[in-house]
**Q** 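Before we start, here is the structure in question, set down as structure tokens.
Numbering of ligands and ligand atoms starts at 1, following listing order.
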Amino acid sequence: MDLQLTEEQVMIRDAARAFAQNEIAKVAAHYDESGEFPYETVKKMGQLGFMGIEVPEAYGGAGLDTIAYVLAMEEIDKVDAAHGTIMSVNNSLFCYPILKYGTETQKQNYVTAVATGEKIGAYSLTEPMSGSDAATMRSRAYRQGDHYVINGAKSWVTNGPAADFVLLFTMTDPERGHRGITAFIIETDQPGFHRGRTEDKLGVRASATCEIHYDNYRCPVENRLGEEGEGFKIAMTVLDSGRIGIAAQALGIAGAAYEASLKYAREREAFGQAIGQFQGIQWKLADMKCRLDASRLLIYQAALAKEAAKTSGARFTTEAAMAKLFASETAMFCAHQALQIHAGMGYSKEMPIERYFRDAKITEIYEGTSEIQRMVIARNELGLR
Ligand code: CAA
């Protein structure tokens, strides 16, 4: 597929590749080990435009399109998926919804700061008892004059420990089920906002994740995103977009695992020849390459569908779910094969293969598990929604 990239798309891809190789590669293992949030590199990524790739320049972004975004995501994630996760939350889950549904004041106050990397954003849908079944949340907000008073617990908030702002989804009218959910932009330095423990995770360890508790948090009415009851639709629309970014992240991890395997298959010898001469290794490489390219095509298809939706208003739910499903399972497949090809070396922390293996797993879980993606694709194909 010749996508005929524009000059700007090539520029952002090359800039992301150079930044990842020159700045992130040297710190990735350290942050993976410590689990600290990489403030310094994240700030630089903001200054280079990576935190708001699709954000118009008027709001501090790079003013590019979805293809540019997935190209940059792939390059960053090829080197370190934790930096990619932080980037994806700021771009897809925070800036995108405020640009799409926000007021002019909200865009100026919140998008510009996050797109430039001065501030960190987060997205908060999940609760301790509400993950895949996202509409069943127990947190509540009620209106009191010109404020909403918010109470409840949210979990698995990526960027949560570092976030200056959180896009929160909570229930304003429990009787209406998913139609009673409303979105709010939360400032994390206000009374009633409490961070819980930071999760000790298997992978993407530097992308900090925590619980958040709201205890009579007072959110001004002007920080409501969209109308009351529109929150679930906003959350789902945002995930359609976010899933394309996670697919690109998965492609980056898969590509890194594949390229390391090719190199090792050429260099490592066993029984008097390079291991790449053995059919057992060749078949693994061939399967990895096919799945990588198929993932890339699904991702470009989804990115182009999202671009087309900007004028048609059509949903790209199925394309996004297919890209995320296939690319995340490809990341897991490639990381698994790479570890087997590298054997003991892959199992050791001397090489990043074990990190790819740990990082790949989350792409099958967050922003909707593989089971949810299959459900979404099949429901849409069957016309059940
Ligand atoms: N776009 C717009 N609207 C949508 C939509 C979409 N993609 N998907 C559903 N809707 C609408 C439906 O049209 C329906 O609207 P009506 O008001 O007209 O009825 C409404 O939403 C409810 O839809 P469903 O009946 O299909 O809802 P459901 O409860 O049966 O299932 C689901 C929905 C697809 C399973 C959804 O709950 C889902 O995607 N679950 C996974 C949640 C998820 O991905 N969580 C990850 C959170 S983020 C994260 O991972 C952490 C992080 O920080 C990165």
**Q** Hey, looking at atom 31 (O) of ligand 1, which of R379, H178, K154 has the closest heavy atom?
**A** R379
**Q** Would you mind running through ligand 1 and noting each atom that sits below 4.0 Å from a heavy atom of T158?
**A** 52 (C), 53 (O), 54 (C)
**Q** Please give me the minimum heavy-atom distance between E118 and D164, naming the atom from each residue.
**A** O-OD2, 4.5 Å
**Q** More than 12 heavy atoms of other residues, nucleotides or ligands under 6.0 Å from CE of M236: is that the case?
**A** yes
**Q** Would you call E267-K263 a salt bridge at under 4.0 Å N-O?
**A** yes
**Q** One pair to check against side chain to side chain contact (heavy atoms under 4.5 Å, CB included): K201 and V204. What are the steps and the verdict?
**A** CA-CA 7 Å; K201 298 177 298 192; V204 290; 4.3 Å; yes
**Q** Could you check whether Y110 and F94 have their ring centres less than 6.0 Å apart?
**A** no
**Q** Please identify which atoms of ligand 1 are closer than 4.0 Å to at least one heavy atom of M375.
**A** 35 (C)
**Q** Quick one, Y148 and T170 - any side-chain contact, counting heavy atoms below 4.5 Å?
**A** no
**Q** Are L298 and V70 grouped together when hydrophobic residues (ILVMFWY) are joined by side-chain heavy atoms under 4.5 angstrom apart?
**A** no
**Q** Any atoms of ligand 1 less than 4.0 Å from a non-hydrogen atom of V376? List them with their elements.
**A** 34 (C)
**Q** Which atoms of ligand 1 sit under 4.0 Å from any heavy atom of D240?
**A** 1 (N), 6 (C), 7 (N)
**Q** Could you list which atoms of ligand 1 come closer than 4.0 Å to a heavy atom of T317?
**A** 7 (N)
**Q** With respect to Y123, which candidate in Y366, F184, F169 satisfies the ring-ring contact (aromatic ring centres under 6.0 Å, His included) definition?
**A** F169
**Q** Using a 4.0 Å cut-off to any heavy atom of A134, which atoms of ligand 1 qualify?
**A** 37 (O)
**Q** Which residue from R179, E230, R315, Q373 reaches closest to atom 1 (N) of ligand 1 through any of its heavy atoms?
**A** R315
**Q** Looking at T126, which atoms of ligand 1 are within less than 4.0 Å of one of its heavy atoms?
**A** 47 (C)
**Q** For atom 48 (S) of ligand 1, tell me which residue out of F232, Y123, Y366, F94 has the closest non-hydrogen atom.
**A** Y123
**Q** Under 4.0 Å from ligand 1, counting heavy atoms only, is it the side chain of I365, its backbone, both or neither?
**A** neither
**Q** Can the positive tip of K233 be found less than 6.0 Å from the middle of the six-membered ring of Y101, inside 45° of the ring normal?
**A** no
**Q** Counting heavy atoms only, name the option from E371, K324, K233, R243 that's nearest to atom 15 (O) of ligand 1.
**A** K233
**Q** Do L167 and S124 have side-chain heavy atoms sitting under 4.5 Å apart?
**A** no
**Q** With atom 41 (C) of ligand 1 as the reference point, say which of S124, S132, S155 has the nearest heavy atom.
**A** S132
**Q** With the threshold set at under 4.0 angstrom, would you say L93 reaches ligand 1 through any of its heavy atoms?
**A** yes
**Q** In terms of atom number and element, which parts of ligand 1 are under 4.0 angstrom from non-hydrogen atoms of L239?
**A** 43 (C), 44 (O)
